[in-house]
Amino acid sequence: MHPILSTVLQRLGLGILTLFLVSIIIFSSIALLPGDFGEQVLGQSALPETVDAFRRELGLDKPAWLRYLDWIGAILQGDLGTSFSGRASSGNDSSRTVWELISPRLSNTLFLAGVTAIIAVPLSLFLGITAALKRNSIYDRAVNAVTLTTISFPEFFIAYMLIVLLAGGVIPGVALPTLANITESMPLGERLFKITLPVITMTLVIVAYMMRMTRAAIINLLASPYIEMAQLKGASKTRVILKHALPNAWAPIATVIAFNLAYLVVGVVVVEVVFVYPGVGQLMVDSVSSRDIPVAQACALFFAATYIILNLLADLIGIITNPRLLHPR
Amino acid sequence: MSSNSNGGRDRGDKGDILLEMRNVEIDGFSDERWHDIIRGVDLTLRRGEVMGLIGESGAGKSTLGLAAMGFARPGCRIKGGSINFNGMDLRGANESELRKLWGSRIAYVAQSAAASFNPAHKLIDQTIEATIGHNITGESAAKADAVELFGALQLPDPDNIGSRYPHQVSGGQLQRVMTAMAMSPRPDLIIFDEPTTALDVTTQVEVLVAMREIVERFNTAAIYITHDLAVVAQMADVIKVLRYGEEVEEAETRAMLEEPKEDYTKSLWSVRALQKPEDKGDDIALSIRHVDAAYGRSLKVLHDVSIDIPRGRTVAVVGESGSGKSTTARVITGLLPPMTGEVQFNGEALPAALKDRTKDQLRRIQMIYQMADTAMNPKQTVGEIISRPLEFYHDMRGAQKEKRLTELLEMIELDASFMDRLPSELSGGQKQRICIARALAAEPDIIICDEVTSALDQIVQEGILKLLLRLQKEFGITYLFITHDIAVVTAISDEIVVMFQGEVVEQGLKSEILEPPFPDYTKLLLSSVPEMDPDWLTDLVANRS
Amino acid sequence: MSDAPQTYSAAAEVGQVLTRRGRLERAKIALRKAPISAWFGMIVIAFYGLVAVFGPFFAPYGEAEVFAKADEPWSVFGGNPAHFFGTDQIGRDVLTRLIYGARNTIGIALITTALSFTIGGSLGLIAAINRSWLDQILSRGVDVLMSIPSLIFALMLLSIFGSSIPSLILIIAVLDATRVFRLTRSVAANVVVMDYVEAARLRGEGLGWVMRREILPNITPPLVAEFGLRFSFVFLTIASLSFLGLGIQPPTADWGSMVRDGSRFIQFVAYDWTLALPSLLPAGAVALLTVAVNFVVDWFLHKTSGLRDEQ
């Protein structure tokens, strides 16, 4: 087998194994629930039969591995279970399935993250590469100082600063919406307008990280002896960058992008809450405060899977652009 | 310059002045300030002439070599003087003018070939990049020429080697491809920056022969930078010696070797002047019996190795990288328990693993490392470093320890003021002396010296070797001396062990090993060590063919 | 040449020998050379430290003392002069809450970071030295734990254990310990392969001695820098969780919850921008501290790693 294929397969296998282990961790959280959990969810006045039925539904009467198999099997078929909310002590069940709750929010979160990524990725690559090329210039120092400061800020601080600046009438004529309460029926233009502030907030955070990492990766690359060799062969600056640096830059750049997209997925939680955006992050926070475990699990699984898959992608790009693997001895 | 039959190179028929550097000054930025690297050096090179730039680490030879191209590394700047190449003022030239020169009129061959080739491109494309980039010839002509150059440089399969990637060929081959790359645009001047330093001696010879032939064939001028006088003697018409960024002296190669004017120049081959009279020993202190050893389960690196080390003598283990000489040291110290065989100490078998040995057994075998830098904890003072074995093995405390500490420092020719220094406040030679003192503090029977001088400059090497010899005479210590440097071997050993690919090729008294008849590998190894004779390479090529 | 080899002596051997300086003197020199950003950071950290330790002496009122009028604006914007930063939604003095919040938020973050360093640091050190099955198990386990984003993991665990201060500290400390483990292990692994560690083992030194005397002193600088970074990360995580309503619970004063409480009027900011102040003030308090810590760490890293851009 070609070594690249076997390395790719190996990495894919590792990714699947990680997903599997993560699913076990997320699953076993339910096993850690305190014994009186049924009463907590259903209320103090719940009938013992109702509590028993609820425990049976959770499968707490079955051995753990069997419950895991049931759970993961159901998830693989798209059945994420049923929300705890809406259950009453009387045994009336007005709860909804997790899928019903989560599916509209999935697309909202991906929409927000996607728009941010479209702006943030090219911007930070541009800033990072130019800063690296003009190392120690005033431009470089300025970008560095600004990004170091931005990195240190909590997302909600940036968000409220932006609200004051861009929605508080500080700049005359600029009044962006502070609530990003989009609905499915809204036209695209209006939706984009509504999410301007959350997108700017997340862009600021992500660009700071991504730009710094890109800059470090490029500086590292430009320090390679083969770059000096190319210069000493009289190659022009553009040629040194395009022909000698770029082919070796894909792996580090892919890592930087994937890492930051993964970070974006997490950062989305706080920003969604600040701007009351109907996404998965908001849903997860709500489900955690109401201890609606099935929903929280599903959200966690979504975030973890996105995170793992993005990192997997970065590794795969690194593997398939590595000349040592592409052209084995 | 076609014939070179009587060896060496004469200056007679060289052409006009090609490169003229006057009073060049270069600064480097470190520790938040500028330091002098080159302090006003003159250099004149004629067409077709090869100049050797020689000096120890930190002498500024690479910096000067790059300055000959008008190039300064990041963090360096050319502060003063003039650089004139072929009528063009390089200091006054702007970047694009310089770029036109680089890779067409002046080419550069770097020390580390493996790092200097772009891993993403084929060798042929990198070889002809400058030639077609500067529109010197078309692509197909350049490719055909490159194949010819590969052949002239004795690369295997010259037609196809170009379609390989850098990681697919060996270090010695890569170094030759880089020479072809430099030669491809037929430059007037090539800068060779320590091109063979990273290679084993047997590979070095092949690369040297190839480089010399091709430079002669095209009558290219060259600056050959190295720290090895014997190497440069084979390559250069003229030799310039640098020290601390200043010129010590310059002379034609033969004149330089026959009667150097400056003491410093003589010190460059001081180690070669050292010669220990050999002394046969019968009382075996340490004996390695039929040892096989492997890293992990599969990677077997020692095959049936047996070595006897007589008490109070020095046994030198020589071999190239991968010969298993360092692994042998690891077996003796117990770091790598052998698969089969054993190590006997004073006639008794030592426990194979480190953890099973007694404190006294550990004390009797001490070790000194190649890199004194990494052999000392940077956070401990000299006093702490040397006194630990005193406390640990001899239970010394207080005044007694202090007294012994001072004695030990005296033994290594340093005074008590060094006690409070950190390793970072010592020079390379001083560091190695502290490591020797640490080993002495244990009062060992045997000291294993693993390439202890190879990271040091010649003059410092000589000091360390003399110190080790003196200590042996005074205390009767036994040395196992691991090295790849034949000059060091003659300087210090009584007996020699030659190793190759994990096996002992030969063991015997120094005089026996260094005199014919030789087994094949010993012959190859010994004949590959450059000698201080400008005709050596020429004679060697004649003998081998 | 004046220094001929005949006069060679080891003690006089040249080389750029630095003069020996005491630790205190070195620190002084380093401080004198510190850039403005680092000075700014140090002053801010010192100020926060003072407020956190002596807070109750400065605070004008009690932590949970309730006054008659809720949601008063800052005194400079027409509020009651008795409450400089106004009052919150149930009429508590905001300045007082801010001062007590410093103690709670910083204190909890410090305890958490210390705990995560104890766990992650010691395991990382053991893994680096041991290098066998134990290292394999720990490293792979950490890989898996780190493949779940830590805020998400924390949220999930909080949903199980509920939001109390001990569970908050424990959960974040354990999650953060994975990062500390990785760093400690990789830094220590670089030191473990050094010849001086091998020399100590060949001498017959015990594991404890090797760890304490040979390895620890050499991994301290990067770990100190990491402590700063981890602290500011943990501090942000706790503030974020509190902001999400899942961290420190009322009536304990803390900055994250204050941001959350203040955000009720945020949609009216377009009519009166001062409505954002109840959120912005505690958010700014959080931001100022993390910026300060980052500035100091950045300077420290440059100093200790010899990390210079040029070559």
Side-chain angles (χ1 to χ4, degrees), chain A residues 2-4 7 129-137 139-141 215-255 317-329, chain B residues 29 62 65-66 68-75 95-123 125-136 163-170 178 181-182 184-185 187 190-191 193:
Chain A
H2 195 281
I4 233 170
T7 319
I129 293 172
T130 46
L133 293 180
K134 297 189 190 305
R135 188 145 49 110
N136 292 333
S137 65
Y139 168 73
D140 179 31
R141 280 162 206 262
R215 176 181 179 274
I218 299 292
I219 284 178
N220 191 15
L221 189 69
L222 292 180
S224 321
Y226 59 80
I227 297 292
E228 182 181 283
M229 193 71 211
Q231 288 173 326
L232 290 177
K233 282 201 274 183
S236 67
K237 261 192 184 150
T238 354
R239 190 177 163 84
V240 170
I241 301 287
L242 292 182
K243 186 88 184 168
H244 290 276
L246 200 59
N248 297 293
W250 293 123
I253 287 180
T255 314
I317 292 175
I319 292 169
I320 58 174
T321 57
N322 183 342
R324 280 163 202 280
L325 289 172
L326 272 180
H327 316 287
R329 272 171 186 272
Chain B
F29 194 78
S62 287
L66 285 168
M69 307 179 74
F71 181 82
R73 287 221 162 97
E95 251 191 272
S96 78
E97 286 168 336
L98 285 173
R99 226 179 273 135
K100 269 185 207 132
L101 214 61
W102 296 343
S104 65
R105 305 311 339 137
I106 313 180
Y108 178 73
V109 175
Q111 173 174 0
S112 165
S116 299
F117 275 102
N118 192 326
H121 300 300
K122 289 180 181 167
L123 291 175
D125 296 331
Q126 302 194 52
T127 307
I128 62 166
E129 180 183 6
T131 311
I132 56 174
H134 292 289
N135 291 318
I136 295 169
S163 58
R164 297 191 172 202
Y165 285 84
H167 61 273
Q168 295 172 321
V169 303
S170 73
M178 185 142 37
M181 179 165 89
S184 168
I190 299 183
I191 316 281
D193 191 355

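Fair warning: this is a prediction, and the values are worked out from it, not measured in the lab. Each chain gets a letter, A, B and so on, in the order its sequence line appears, and its residues count up from 1.
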(request) First locate atom NZ of A:K233, then atom OG1 of B:T127, and finally report the distance between them rounded to the nearest 0.5 Å. (result) 7.0 Å
(message) Using a strict threshold of under 4.0 Å (side-chain N to carboxylate O), is an ion pair present between B:E129 and A:R239?
(response) yes
Side chains of residues 108-120 of chain B: which donor-acceptor partners sit under 3.5 Å, not counting sequence neighbours?
from   : atom 1 : to     : atom 2 : distance (Å)
B:Y108 : OH     : B:D193 : OD2    : 2.9
B:S112 : OG     : B:A115 : N      : 3.2
B:S116 : OG     : B:S112 : O      : 2.8
B:N118 : OD1    : A:N248 : ND2    : 2.8
B:N118 : OD1    : B:A120 : N      : 3.0
B:N118 : ND2    : A:H244 : O      : 3.0
B:N118 : ND2    : A:H244 : ND1    : 3.1

(request) Indicate yes or no for a side-chain donor-acceptor contact from B:H121 to the backbone of A:K243 under 3.5 Å, with no hydrogens or angles considered. (result) yes
(message) Just to verify, what does B:L101 make a side chain to side chain contact (heavy atoms under 4.5 Å, CB included) with, not counting sequence neighbours?
(response) B:F85, B:M88, B:L90, B:R105, B:I106
(message) Quick check: do A:M229 and B:Q126 have side-chain heavy atoms less than 4.5 Å from each other?
(response) no
(request) Name the option with the most non-hydrogen atom pairs under 4.5 Å to chain B; the candidates are A:S236, A:P225, A:A235, A:P247. (result) A:P225
